[in-house]
Engineer: 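Quick one: the structure is below, questions incoming.
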Number of protein chains: 2
Amino acid sequence: MKSDELFALLRRRGVLWPTAEIYGGAQGLYDYGPLGARLKRRIEEAWTTWFLGLSNDYYLIDPAEILPEAVVRASGHLENFTDPEVVCDACHSAFRADTVLEKIRPDGVDGLTAAEIAAIVHANRVHCPHCGSSELSVPPPFNLMFGLDYGVTGHERAYLRPETAQSSYLAFARMWDVGRHALPLGIAVVGKAYRNEIAPRQVLFRLRAFTQAELQIFFDPRGLPVPFDAVREERLPVLRVPRREAGEESPEWVTAAELVGKGNLPEFYVYHMVHTFRFFRDVLRYPGDRIRFFEKSDTERAFYNRIQFDIEVHVESLAGYKELGAVHYRGDYDLTRHGQGAGKDFTVTLTGGTRVLPHVLELTFGVDRNVWATADLLIAKDGERTVWRLPPYLAPVAVGVFPLIPKEHGSEAVRIANDLAAHGIPVGYDDTGTIGKRYARMDEAGTPFCVTVDGGTVGTGPEHGTVTLRERDGRTQSRWPVGELAGRIAPALLLPWPARA
Amino acid sequence: MKSDELFALLRRRGVLWPTAEIYGGAQGLYDYGPLGARLKRRIEEAWTTWFLGLSNDYYLIDPAEILPEAVVRASGHLENFTDPEVVCDACHSAFRADTVLEKIRPDGVDGLTAAEIAAIVHANRVHCPHCGSSELSVPPPFNLMFGLDYGVTGHERAYLRPETAQSSYLAFARMWDVGRHALPLGIAVVGKAYRNEIAPRQVLFRLRAFTQAELQIFFDPRGLPVPFDAVREERLPVLRVPRREAGEESPEWVTAAELVGKGNLPEFYVYHMVHTFRFFRDVLRYPGDRIRFFEKSDTERAFYNRIQFDIEVHVESLAGYKELGAVHYRGDYDLTRHGQGAGKDFTVTLTGGTRVLPHVLELTFGVDRNVWATADLLIAKDGERTVWRLPPYLAPVAVGVFPLIPKEHGSEAVRIANDLAAHGIPVGYDDTGTIGKRYARMDEAGTPFCVTVDGGTVGTGPEHGTVTLRERDGRTQSRWPVGELAGRIAPALLLPWPARA
């Protein structure tokens, strides 16, 4: 499906819509409706279960989204978190410089000053993409953070955090005290980050308020021990810099062992690439051949990263590979900067007395983008049917409950629905239209199971106390005792857990 | 416990700490650590399960926290969401006017203009509480919303939402389209709201970023049908205005039927008071005799409310009753205002053709305050023990898993811990110190179950494959087969569901 068509489907079903839609919307902001809110939450829980499942020493925290200025000064965001922009002096539109110049400078404008960009704009007689005027100017780089006048005196400044990772770095010292004084120590945050993007677009792909899931693994710089043998034969789709520079777009499938050996990557890094790949393929159930690890070169990667591979997935509705997550080896950049900023020393003493400043491996994941990706990759036409083939544990509604004839079977159907809900199973009750239409609505919403209550259920014959259980994927129908439904459905809703060794 | 003592305990255990603590903190902001994040999430889920359980037509959505200016202009927040402040011209401190004047005007300063407040300040020769100067001034009222320069042109203004409720009003028209075109329709939001409080204090009770859980029930103004007979004999602790004005602080216990009859309240309103009371008493397990419904008078209640009772709970650490939730009958204020603001008509056509503008009943709940209240009300000393008597389904860690001798029983204990976790049960693994110390740490964290793996478990004798299961509340210990643990523990973690009729 094209992006417009997919968005129309998602809006019609109440998965998501523009924020403040009745006021004409707000650029770069979306609200999740009932199905979207539940899907997003389940994707967050799946991520948390999988990655925190890698160790007993990884923890989820829930920090505030507002940061005092000292934090973003130390982290480098106040100085560096900018996008060069081009502004039209005629119509006052603003554009990202890399977008305006994408034909002239296909490699982007990273590293150029505003004056250098202005020179390129004028030398190439660039016109405003909106009104056509040639009166374009290039102001000083635009900081993407939202600032807040914090407190009442007018002397304090704070910012909405531009990435959740900062909250984990701030928490390291406290978590060290709370915990068992050992490395590795993992601190995860699932929450909002905010960026005043110059040009929000592609629905959930460039938002001004978005949800990240990020795990910061603090480890002894002398090594992060991992059970590498358990993953050494796993093949990963990798597009490294030399192959990219040769013009290739498709990844090569390479074993973990080869990435460490010939590929010269650390074992701990490749081990986490494997578990990340498994998360996308086995938990989110994206087709493996749509995924690639995209290596960033020295000039492309973020200034704090020593190694960076983005996880990209081919998203048909956006006509290309899109970054849905990443694995970042950040070294000691963050603890060093916050040590300087806060005037503290984050060196820790390990058992045996060795003192080290931990390094950080960051696993990062874009929650909103993956909500979209599950729709793009898992919604399929099957003849007349539109089926969202979500894994059962991600489905917003796990079971649809239908009375065949609402007047006759409604009260029993409600009783069954409430009983399933009391077992923690998300239920969708539907008593409108033919059973076929109700199946179709549930298929489109990704619901894996449907239960129909009929004359047999409430009658005195051999079908007394049984219902029809219909499964989305096989379209199979079978008769089940009401009392066995929760036991049949609940195990399919358990979130997958990683094999550690 | 006193507030300082309780906060010290919670900080030591990693339940919560000040945001950006390493930079000296930020007033009115706190981060939740591992135990706090999980407890907060479970309180949110308990609220959602209970109140959305009241109807098949109540839905949870997840909207953006940023609102365009037009929204808060229409809602009245741009004009009215202000606190009068007093500023010291000598030391530049700012204070809430009601706090500075609390001895002179014990009833507060609501309704007074800045000039009137200034006159009182000067007539009474008030001095700065911070530096003692008499050079105090009263600026125009201070709007509590955080404003954002939204977008890049400098011409757009947006705000962090001051209450989650606005997001539900904005969603009403879309949800009507998505849903089955019938009333009542409930729209719930659990999420952040932001207020630039003049004087943040009492840890989680006056924050600048806080989490609300709010359900807006849109209903036919001719009546919201409820199964009132099922609740008519329930007794509620109520402190109404006349009794308050007579100087009483303690509530009277009155049946739901009496509140409707002699008390002149609508059935639908009292029905929701009952379910709210049950949530605090039966789900959160606060002692019923610590709870009261506090009626707000005509002059006290928010301008949009027709009926308002706050749910107050006596919190020992804060030495008094504190508002932890409320039931608001808001009438058609919100849809009328947004209809005017957006130039739309939110009248809906019901089956049969009647057209109505829905009224709103709002159930609101302060998540952070209730995190604190569970600690205040449910942590108790029991001899040497400190026990947090959280209901099992709210406990951050449901089961502690201990190897008696880590070197001998560690691998089996890890296997059991992982198996329980894979069943969706939150596990805390602990192999440090004596078993007694490990029990004590789990008691303090509110963990209801502990499992010890010992020689019997891994041996070949009659105890092979069994573990010791210890329960927090009864301090009972019994021997259980490993394979039956998940089945024993998981049912205790199901969130309670309301009896609808």
Side-chain angles (χ1 to χ4, degrees), chain A residues 13-14 17 19-23 26-27 29-34 36-37 40 53 56 59-68 70-71 85 92 94 142 146 148 150-153 158 167 170-171 173-175 178 180 192 196 198 208-209 338 342 344 418 421-424 429 432 494-495 497, chain B residues 13-14 17 19-23 26-27 29-34 36-37 40 53 56 59-68 70-71 85 92 94 142 146 148 150-153 158 167 170-171 173-175 178 180 192 196 198 208-209 338 342 344 418 421-424 429 432 494-495 497:
Chain A
R13 288 309 305 261
W17 56 75
T19 298
E21 199 180 12
I22 58 173
Y23 287 89
Q27 269 210 314
L29 297 179
Y30 289 86
D31 290 359
Y32 290 99
K40 174 169 176 270
N56 292 333
Y59 299 93
L60 182 70
I61 65 171
D62 180 8
E65 298 87 350
I66 296 175
L67 300 174
V71 174
E85 62 174 336
H92 302 294
F142 179 77
F146 285 110
L148 299 174
Y150 194 76
V152 295
T153 61
S167 298
L170 295 180
R174 170 62 54 190
M175 287 288 291
V178 168
R180 56 188 195 88
K192 284 286 171 81
N196 197 6
I198 295 171
R208 287 184 172 151
H338 285 300
K344 302 230 170 359
N418 288 347
H423 280 84
Y429 187 82
T432 313
L494 286 174
L495 292 165
W497 189 259
Chain B
R13 287 310 306 260
W17 55 76
T19 298
E21 199 179 12
I22 59 173
Y23 287 90
Q27 269 210 311
L29 297 178
Y30 289 86
D31 290 358
Y32 291 98
K40 175 170 176 267
N56 292 331
Y59 300 93
L60 183 69
I61 65 171
D62 181 6
E65 298 86 350
I66 296 175
L67 301 175
V71 174
E85 61 172 337
H92 302 295
F142 178 79
F146 285 111
L148 299 173
Y150 194 77
V152 294
T153 60
S167 298
L170 295 179
R174 170 62 53 190
M175 288 288 291
V178 168
R180 57 188 195 88
K192 283 286 170 79
N196 197 4
I198 296 172
R208 286 182 173 152
H338 285 299
K344 301 227 165 12
N418 289 347
H423 280 84
Y429 187 82
T432 313
L494 286 173
L495 292 165
W497 190 259

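Chain A is the first sequence line, chain B the second, and so forth, proteins listed ahead of strands; every chain is numbered from 1. Bear in mind the structure is a predicted one, so any value in this text is a computation, not a measurement.
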Engineer: Relative to chain A, which segment of B:R180 carries a heavy atom at a distance below 4.5 Å: side chain, backbone, both, or neither?
Structural biologist: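 Neither part.
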Engineer: Specify which of A:A209, A:A342, A:A37 makes the most heavy-atom pairs with chain B at under 4.5 Å.
Structural biologist: A:A342
Engineer: Does B:Y150 reach the main-chain N or O of A:Q27 with its side chain, forming a donor-acceptor pair under 3.5 Å?
Structural biologist: yes
Engineer: Checking A:Y30 against chain B: side chain, backbone, both or neither under 4.5 Å from a heavy atom?
Structural biologist: backbone
Engineer: Quick check: closest heavy atoms across A:K192 and B:A64, and the distance to 0.1 Å?
Structural biologist: NZ-CA, 4.4 Å
Engineer: Which one, B:V152, B:V178, B:V71, leads in non-hydrogen pairs under 4.5 Å with chain A?
Structural biologist: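 Maximum pair count with chain A is reached by B:V152.
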Engineer: Top residue by heavy-atom pair count (under 4.5 Å) with chain A, among B:R174, B:H92, B:K344?
Structural biologist: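 Ranked by contacts with chain A, first place is B:R174.
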Engineer: Quick one: what part of A:A173 sits under 4.5 Å from any heavy atom of chain B, side chain, backbone, both or neither?
Structural biologist: side chain
Engineer: Counting heavy-atom pairs under 4.5 Å to chain B, which of A:S167, A:A421, A:G424, A:G36 comes out on top?
Structural biologist: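 Of the options given, most contacts go to A:A421.
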Engineer: What are the two closest non-hydrogen atoms of B:F142 and A:G151, and how far apart are they?
Structural biologist: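 B:F142 and A:G151 have their closest heavy atoms at CZ-O, 4.0 Å.
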Engineer: Can you say whether B:N56 sits under 4.5 Å from chain A via the side chain, the backbone, both, or neither, judging by heavy atoms?
Structural biologist: side chain
Engineer: Grab the two heavy atoms, one from B:H338 and one from A:Y23, that are nearest each other, plus how far apart they are.
Structural biologist: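 The pair with the smallest heavy-atom distance is ND1-OH, 2.7 Å.
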Engineer: Nearest 0.5 Å, please: how far is CH2 in A:W497 from NE2 in B:H423?
Structural biologist: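 Reported to 0.5 Å precision, the distance equals 12.0 Å.
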Engineer: Answer with side chain, backbone, both or neither: which region of A:I66 has an atom nearer than 4.5 Å to a non-hydrogen atom of chain B?
Structural biologist: both
Engineer: What option among A:D62, A:L29, A:L60 has the most heavy-atom pairs under 4.5 Å with chain B?
Structural biologist: A:D62
Engineer: Looking only at heavy atoms, which two atoms of A:I61 and A:A171 are closest? And how far apart?
Structural biologist: CD1-CB, 3.7 Å
Engineer: Under 4.5 Å from any heavy atom of chain B, what part of A:T19 do you find: side chain, backbone, both or neither?
Structural biologist: side chain
Engineer: Can you name the nearest heavy-atom pair linking B:F146 to B:R208, along with the distance?
Structural biologist: CE1-O, 3.8 Å
Engineer: Quick one: what part of A:P68 sits under 4.5 Å from any heavy atom of chain B, side chain, backbone, both or neither?
Structural biologist: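 Looking at A:P68, just its side chain touches chain B.
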Engineer: Just verifying a value: how many Å separate B:E21 CD and A:L170 CG, rounded to the nearest 0.5 Å?
Structural biologist: 10.0 Å
